[in-house]
**Student:** 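Quick one: structure below, then a few questions.
For the numbers below, each heavy atom of this structure counts, side chains included, while hydrogens, waters and symmetry mates do not. This structure is a prediction, so every number in the text was calculated from the model and none was measured.
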Amino acid sequence: MKILVTGGAGFIGSAVVRLAVARGHRVVNLDALTYAACLDNVAEVANSPLYTFEHGDIRDRAALDRILETHKPDAIMHLAAESHVDRSIDGPGNFIETNITGTYHMLEAARAYWTAQGRPNTFRFHHISTDEVFGSLGPAGMFTEDTPYDPRSPYSASKAASDHLVRAWAETYGLPVVLTNCSNNYGPYHFPEKLVPVVILNALAGKPLPIYGDGANIRDWLYVEDHADALLCVLERGKLGRSYNIGGENERTNLKLVKTICGILDEKRPRDSGTYADLITFVADRPGHDARYAIDPARMNTELGWHPSVTVEEGLALTVQWYLDNETWWRALQARDGVGERLGKTG
């Protein structure tokens, strides 16, 4: 299969690219190389005859038409997106333009290409989204594919809008689509502004480990390589027009997650004195911070037979070791705009 992956130099997109190439798929990586992208993320497949890179923006319809006509993919996996909640609070415009307008252009380019190819029923437009579109849960319950949308941040609202566009193009134009909504990802190549890499890198530098509010916010944590595996599973075997919630089945409070990372670092690289947990610092919560996310993965489990391969403790141990082994990669990214700063403080 030849797959066009948008955002393939980003965190999740690069995991998809690496796994797809490893499994023998031909991959075209389309990425605008904005602040969170890094071609080093796909260096291990860069010289493969199965891999091609296209530098382009999903808001550029002419570029999309050219790329689709040149490469003639069998499927599109649409991951390109602005994804950091804190940045969406400070600058929502970029999220509207990329996540909504960009998805519109992707859908229109895909529809034109699919029509020109004779509307093959084997073609797929796979839209990758987030569980944040569902809003916030109380102490009980889980998000299912039928949970009403209730986004609470500019980021989640823009992703909710993109999900609605994809469903509308399927209903109105017959475009063959599948959708997925995932829980919080972590793992190798995670851009160093998200919680897990911030904690690892701040700890190594002896800096405070910031936790919003009282640390009681709960997330379901999904190892990025498990997510990539699930996405290819949905692309290959998911039912046309269906959506699938992908979760790690690993709910943890933010405080417990940070303490787990600290414990792993205590074993792998002990401090001269004290423990890394001594660096934990509680900071003012961000506006509209959702209390809890939890994914019900029953559809993935029963329809597709997919399950995550690691617990969050196992995945975090792998992740911490990766950051310890790849200092050159993360040091280069720490100089990028906004990294290491507190963002999203105002509503």
Side-chain angles (χ1 to χ4, degrees), residues 1 3 5 7-8 10-25 27 41-42 44-45 75 77 79 83 126 128-131 142-145 178-191 194-197 199-200 218-239 242-254 256-261 263-265 267-268 293-326 329:
M1 182 187 303
I3 307 168
V5 178
F11 171 46
I12 300 173
S14 65
V16 171
V17 168
R18 295 191 303 269
L19 184 60
V21 170
R23 291 183 176 175
H25 297 294
V27 175
N41 297 2
V42 291
E44 68 184 60
V45 301
M77 298 183 74
L79 295 104
S83 66
H126 182 180
I128 289 84
S129 190
T130 171
D131 60 356
M142 305 180 84
F143 296 135
T144 73
E145 288 81 1
V178 289
L179 298 91
T180 50
N181 296 81
C182 70
S183 57
N184 280 37
N185 279 226
Y186 69 98
Y189 299 101
H190 204 175
F191 190 72
K194 301 294 183 74
L195 177 61
V196 171
V199 170
I200 295 170
I218 296 172
R219 301 291 181 261
D220 173 44
W221 292 93
L222 174 64
Y223 190 54
V224 70
E225 293 181 7
D226 276 345
H227 188 197
D229 177 57
L231 292 177
L232 289 174
C233 176
V234 171
L235 182 70
E236 295 163 0
R237 304 202 306 274
K239 294 181 181 179
R242 291 282 260 178
S243 65
Y244 295 87
N245 281 357
I246 304 171
E249 301 180 48
N250 284 298
E251 283 189 65
R252 299 290 187 277
T253 66
N254 286 347
K256 183 173 182 179
L257 184 88
V258 172
K259 287 184 174 180
T260 299
I261 295 170
I264 294 168
L265 281 167
E267 293 179 4
K268 292 181 177 291
Y293 304 143
I295 285 280
D296 180 351
R299 184 174 290 179
M300 285 294 298
N301 297 347
T302 58
E303 287 191 12
L304 303 181
W306 182 87
H307 298 270
S309 70
V310 296
T311 66
V312 69
E313 288 78 15
E314 292 167 338
L316 286 174
L318 293 170
T319 302
V320 169
Q321 189 61 57
W322 188 89
Y323 277 88
L324 291 175
D325 294 340
N326 290 274
W329 179 87

**Student:** Does Glu225 reach the side chain of Ser309, with side-chain heavy atoms less than 4.5 Å apart?
**Tutor:**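 They are not in side-chain contact.
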
**Student:** Can you check whether Asn184 reaches Leu222 side chain to side chain, under 4.5 Å on heavy atoms?
**Tutor:**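 Asn184 does not reach Leu222 side chain to side chain.
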
**Student:** Which residues satisfy the ring pair (Phe, Tyr, Trp, His ring centres under 6.0 Å) test with His126, sequence neighbours excluded?
**Tutor:**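 Per chain and number, His126 pairs via ring pair (Phe, Tyr, Trp, His ring centres under 6.0 Å) with no residue.
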
**Student:** Work out which heavy atom in Ala20 is nearest to a heavy atom in Val27; give both atom names and the distance.
**Tutor:**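 So the minimum-distance heavy-atom pair works out to CB-CG2, 3.6 Å.
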
**Student:** Keeping Asp220 on the side-chain end and Glu249 on the backbone end, is there a donor-acceptor pair under 3.5 Å?
**Tutor:**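 Checked: pair present.
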
**Student:** What I'd like to find out is whether the side chain of Leu195 reaches to under 4.5 Å of the side chain of Val199, using heavy atoms alone.
**Tutor:**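 The answer is yes, as the side chains (C-beta and beyond) meet within the 4.5 Å cut-off.
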
**Student:** Is there a side-chain contact between Arg219 and Glu251 in this structure, where contact means two heavy atoms from C-beta onward sitting under 4.5 Å apart?
**Tutor:**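 Result no, sub-4.5 Å side-chain heavy-atom pair not found.
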
**Student:** Roughly how far, to the nearest 0.5 Å, is NE2 of His227 from CG of Leu19?
**Tutor:**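 It comes to 12.0 Å.
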
**Student:** At what distance, to the nearest 0.5 angstrom, does CD1 of Ile246 lie from OG of Ser129?
**Tutor:**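 Atom-to-atom, Ile246:CD1 and Ser129:OG are 10.5 Å apart.
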
**Student:** Before you tell me yes or no, could you show the steps for Ile3 and Leu232 under side chain to side chain contact (heavy atoms under 4.5 Å, CB included), namely the whole-Å CA-CA distance, both residues' side-chain angles and the distance that decides it to 0.1 Å?
**Tutor:** CA-CA 10 Å; Ile3 307 168; Leu232 289 174; 4.2 Å; yes

**Student:** Who pairs with Tyr189 by ring pair (Phe, Tyr, Trp, His ring centres under 6.0 Å), at least two apart in sequence or on another chain?
**Tutor:**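 Per chain and number, Tyr189 pairs via ring pair (Phe, Tyr, Trp, His ring centres under 6.0 Å) with Trp322, Trp329.
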
**Student:** For the residue pair Lys268 and Ala317, what are the closest heavy atoms and their distance?
**Tutor:**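 Shortest heavy-atom contact: CE-O, 3.7 Å.
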
**Student:** Go through the steps for Ile261 and Ile264 under the test side chain to side chain contact (heavy atoms under 4.5 Å, CB included), then give the verdict.
**Tutor:** CA-CA 5 Å; Ile261 295 170; Ile264 294 168; 5.5 Å; no

**Student:** Would you please test Asn185 and His190 for side chain to side chain contact (heavy atoms under 4.5 Å, CB included) and show each step?
**Tutor:** CA-CA 9 Å; Asn185 279 226; His190 204 175; 5.5 Å; no

**Student:** Return each pair, listed once, that meets salt bridge (Lys or Arg N to Asp or Glu O under 4.0 Å) where at least one residue sits in residues 310-323; pairs must be two or more places apart or across chains.
**Tutor:**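 As it turns out, the salt bridge (Lys or Arg N to Asp or Glu O under 4.0 Å) pairs with a partner in residues 310-323, which skip direct neighbours, are Arg252-Glu313.
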
**Student:** Could you tell me whether Arg23 and Asp229 make a salt bridge, using a distance below 4.0 angstrom between a side-chain N and a carboxylate O?
**Tutor:**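 Result for this pair is yes, salt bridge flagged.
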
**Student:** Between the side chain of Glu145 and the main-chain N/O of Asn245, is any donor-acceptor distance below 3.5 Å?
**Tutor:**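 Pair found, side chain donor or acceptor close to backbone of Asn245.
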
**Student:** Taking all heavy atoms of Asn181 and all of Ile295, pick out the closest pair and write down the distance.
**Tutor:**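 The pair with the smallest heavy-atom distance is O-CD1, 4.1 Å.
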
**Student:** Which heavy-atom pair separates Leu316 from Tyr186 by the least distance, and what is that distance?
**Tutor:**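 Smallest interatomic distance, heavy atoms only, reads N-CE1, 3.6 Å.
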
**Student:** Using modelled atom types only, decide if a donor and an acceptor are shared between the side chain of Asn250 and the backbone of Thr311 within a distance under 3.5 Å.
**Tutor:**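 It does not hold such a pair.
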
**Student:** Give the minimum heavy-atom separation between Pro197 and Tyr323, together with the two atoms involved.
**Tutor:**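 Taking every non-hydrogen atom into account, CB-OH, 3.6 Å.
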
**Student:** Within the side chain of Arg18, is there an N or O that forms a donor-acceptor pair under 3.5 Å with the backbone of Asn41?
**Tutor:**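 The answer is yes, because a donor-acceptor pair under 3.5 Å joins these two groups.
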
**Student:** Output yes when a side-chain donor or acceptor of Asn301 lies under 3.5 Å from a complementary backbone atom of Arg299, and no otherwise.
**Tutor:**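 Judged by distance alone, no pair lies under 3.5 Å.
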
**Student:** Roughly how far, to the nearest 0.5 Å, is CG of Asn326 from CG of Leu324?
**Tutor:**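 These two atoms lie 9.5 Å from each other.
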
**Student:** Please check if any side-chain donor atom of Tyr244 sits under 3.5 Å from a side-chain acceptor atom of Glu303, or the reverse.
**Tutor:**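 A pair is found: one side chain offers a donor N or O, the other an acceptor, under 3.5 Å apart.
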
**Student:** How far apart are the closest heavy atoms of Asp131 and Ser183, and which atoms are they?
**Tutor:**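 Reported closest heavy-atom pair: OD2-CA, 3.3 Å.
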
**Student:** Taking it one step at a time, do Leu257 and Val312 satisfy side chain to side chain contact (heavy atoms under 4.5 Å, CB included)?
**Tutor:** CA-CA 9 Å; Leu257 184 88; Val312 69; 4.0 Å; yes

**Student:** Would you compute the distance between atom OG of Ser14 and atom CZ of Phe191 and round it to the nearest 0.5 angstrom?
**Tutor:**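 Ser14 OG to Phe191 CZ: 12.5 Å, rounded to 0.5 Å.
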
**Student:** Would you give the length of the straight line joining atom CH2 of Trp221 to atom OG1 of Thr319, rounded to the nearest 0.5 angstrom?
**Tutor:**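 Spacing of CH2 (Trp221) from OG1 (Thr319) equals 10.5 Å.
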
**Student:** For the CH2 atom of Trp306 and the CZ atom of Arg237, what is their distance to the nearest 0.5 Å?
**Tutor:**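 Output value for this atom pair is 11.5 Å.
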
